[in-house]
Amino acid sequence: MAHPELARAVNEWFAAHARALPWRDPEATPWAILVSEFMLQQTQVDRVLPRWAAWIERWPAPSALAAEEPGEAVRAWDRLGYPRRALWLHRAAVEISERHDDAVPADVEQLLALTGIGPYTARAVAVFAFGDRHPVVDTNTRRVIARAVHGRAAAGMPAAGDLVEMEALLPEDRGGAAVFNAGMMELGAVVCTARAPRCGDCPIADWCEWRGAGYPDNAPAQRPKQAKFAGSDRQVRGRIMALLRRSEVAVPVADALAAAADGGVRDPRQPRRAYDSLVADGLVVELEGTARLP
DNA sequence: TAAACGTGGTT
DNA sequence: TAACCAAGTTT
């Protein structure tokens with residue numbers, strides 16, 4: 001391990017300062033942890049908390065969710081965004097109940113085989129739900145490593161090497177490794193933030209290369225800028241989904257297209273394009289001139 | 001491999 | 001206020 005002092009400092013800080021998030025409760029089941037990881041993909045903790053609690057209350061096991069229509073998952077997803085995740089989580093629940101006897105698998109390869117689970121989520125579940133020793137790398141971890149280890153203001157594009165780097169920093173023991181994974185994420189989320197890092201509260205400030213170098217403005221070539229949301233197909237899709245979530249019955253397709261245009265569009269073909277893409281994604285089902293959740 | 005994918009909080 | 005950013009995955 002490259003920096004034993006660094007790992008010890010992160011773990012001590014985490015033990016003292018970690019937020020008491022419900023999915024970190026020792027009583028949290030692997031399924032509850034898996035659900036939290038799905039919801040937290042690209043979505044902030046504060047917005048997830050109430051949806052997660054309601055979800056676990058209603059569907060305490062994968063089989064409970066699998067027994068419902070996928071549309072119920074989309075409805076319960078509410079406005080968390082990226083509603084395909086709700087569909088994928090439902091599909092994963094079906095797969096777990098059918099292939100794994102309703103028990104979330106602990107093996108990374110088996111987790112990766114589930115719908116909607118990629119390199120981050122598979123390892124997060126294996127580590128946080130089962131205590132196994134793997135590197136867990138998310139956007140927070142990548143930023144902390146970029147700054148503290150490489151002296152860069154920001155992380156570059158995600159790369160396979162990120163896992164190797166984190167592995168090299170991981171404590172040998174499973175427990176210490178799990179805490180370190182969580183601690184690095186927490187550090188990036190609440191202290192080593194993207195915009196205004198709170199270095200005065202940072203447990204590894206003394207080892208931070210970026211701080212040591214005087215905070216150079218040396219961020220690597222950045223990811224392409226996020227497209228403007230206003231006027232986007234994403235926004236138009238969102239309008240259709242909002243209508244269908246609140247409708248207990250199927251709505252005329254014409255109404256869905258009208259809702260898509262409500263508020264203005266940049267391109268007159270947008271409502272149709274957005275609607276068709278939702279059907280293609282399986283988020284909308286059309287039957288006899290009406291549209292509804294799947 | 002790059003583009004597509006929601007929604008809301010923060011600066 | 002507009003731009004940035006967020007516990008990523010899929011095709």
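Labels below follow one simple rule: chain letters A, B, ... track the order of the sequence lines, proteins then strands, and each chain is numbered from 1. Worth knowing before you read on, the calculation uses all heavy atoms, side chains too, and leaves out hydrogens, waters and symmetry mates.
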Problem set entry | Most 5' of A/M185 and A/L112 on DNA chain C, judged by nearest nucleotide | A/M185

For this session: Please report, rounded to the nearest Å, how far the C1' atom of C/dC5 is from the NZ atom of A/K228.
Result: 16 Å

For this session: Could you tell me the separation between the OH atom of A/Y120 and the P atom of C/dT9, rounded to a whole number of Å?
Result: 8 Å

Exercise. If we take the P atom in both C/dA7 and B/dT11, what is their distance in whole Å?
Worked result: 13 Å

Problem set entry | Under-3.5 Å donor-acceptor pair between A/T43 side chain and B/dG6 base | yes

Exercise. Under 4.0 angstrom, heavy atoms only, what part of the nucleic acid is A/P158 near: base, sugar-phosphate, or nothing?
Worked result: nothing

Seminar exercise, completed: Rounding to 0.5 Å, atoms OH (A/Y82) and CD (A/Q41) come to a distance of 10.5 Å

Problem set entry | Worked verdict on A/Y120 versus A/T139 for side chain to side chain contact (heavy atoms under 4.5 Å, CB included) | CA-CA 10 Å; A/Y120 164 77; A/T139 187; over 6 Å; no

Exercise. Is the shortest side-chain N to carboxylate O distance from A/E72 to A/R75 below 4.0 Å?
Worked result: yes

Exercise. In whole angstrom, what separates A/L89's CG from C/dT10's C1'?
Worked result: 16 Å

For this session: For A/R269, look at atom CZ and say whether over 12 heavy atoms of other residues, nucleotides or ligands are found less than 6.0 Å away.
Result: no

Exercise. Between the side-chain atoms of A/Q44 and the base atoms of C/dA6, is any donor-acceptor pair under 3.5 Å?
Worked result: yes

For this session: For residues A/V144 and A/C192, report the shortest heavy-atom separation together with the two atoms involved.
Result: CG2-CB, 4.0 Å

Exercise. Charged N to carboxylate O under 4.0 angstrom, A/R24 versus A/E186?
Worked result: yes

Problem set entry | Spacing of A/L187 atom CG relative to C/dA7 atom C1', expressed in whole Å | 14 Å

Could you list the protein-to-nucleotides 1-3 of chain B atom pairs, N/O on both sides, closer than 3.5 Å?
none

For this session: Kindly write out the residues that satisfy salt bridge (Lys or Arg N to Asp or Glu O under 4.0 Å) with A/R174, not counting sequence neighbours, or none if the list is empty.
Result: A/D132

Exercise. Closest heavy-atom contact between A/V10 and A/M184?
Worked result: CG1-N, 3.9 Å

For this session: Pick base, sugar-phosphate or nothing for A/G118, based on heavy-atom distances below 4.0 Å to the nucleic acid.
Result: sugar-phosphate

Exercise. Can you tell me how far the CG atom of A/L243 sits from the CZ atom of A/R245, to the nearest 0.5 Å?
Worked result: 10.0 Å

Exercise. To the nearest Å, how far apart are A/I117 CD1 and C/dT10 P?
Worked result: 9 Å

For this session: Can you tell me the distance, in whole Å, between the OH atom of A/Y82 and the C1' atom of C/dA7?
Result: 14 Å

Exercise. When all nucleic acid strands are considered with a 4.0 Å heavy-atom cut-off, which category describes A/W52: base, sugar-phosphate, or nothing?
Worked result: nothing

Exercise. Hey, is the side chain of A/Q226 pairing donor to acceptor with the base of C/dC5 inside 3.5 Å?
Worked result: yes

Exercise. So what does A/A194 hit on the nucleic acid, given a heavy-atom distance under 4.0 Å: a base, only sugar-phosphate, or nothing?
Worked result: sugar-phosphate

Exercise. For A/G116 and A/R24, take the nucleotide of DNA chain C holding the closest heavy atom to each; which residue's nucleotide lies nearer the 5' end?
Worked result: A/R24

Exercise. Contact class for A/L80 vs. all strands (heavy atom < 4.0 Å): base, sugar-phosphate, or nothing?
Worked result: base

Exercise. Per the atom types in the model, does the base of B/dT7 pair as donor or acceptor with the side chain of A/R47 at under 3.5 Å?
Worked result: yes

Exercise. For DNA chain C, which residues in residues 269-285 of chain A have a heavy atom at a distance below 4.0 Å?
Worked result: none

Exercise. Base, sugar-phosphate, or nothing: which does A/T121 touch, judged by heavy atoms less than 4.0 Å apart?
Worked result: sugar-phosphate

For this session: Would you please confirm or rule out a distance under 4.0 Å between OP1 or OP2 of B/dG8 and any side-chain N or O of A/R79?
Result: yes

Exercise. Which of parallel (below 30°), tilted (30 to 60°) and perpendicular (above 60°) describes A/H17 and A/W13?
Worked result: tilted

Seminar exercise, completed: Applying salt bridge (Lys or Arg N to Asp or Glu O under 4.0 Å) to A/R237 and not counting sequence neighbours gives A/D281

Seminar exercise, completed: Taken in chain and number order and not counting sequence neighbours, the residues that satisfy side chain to side chain contact (heavy atoms under 4.5 Å, CB included) with A/R51 are A/M39, A/D78, A/L80

Problem set entry | First encountered from the 5' end of DNA chain B, between A/Q41 and A/R195 | A/Q41

Exercise. Roughly how many Å is it from CZ in A/F229 to P in B/dA4, rounded to a whole number?
Worked result: 15 Å

Seminar exercise, completed: To the nearest angstrom, the CZ-C1' distance between A/F38 and B/dG6 comes to 17 Å

Exercise. Contacts to DNA chain B from residues 236-244 of chain A, heavy-atom cutoff under 4.0 Å, which residues?
Worked result: A/R237, A/G238

Problem set entry | Where A/I240 and A/A256 come nearest, the two heavy atoms and their spacing | CG1-O, 3.7 Å

For this session: Determine the interatomic distance between P on C/dT11 and the same-named atom on B/dG6; round to the nearest Å.
Result: 14 Å

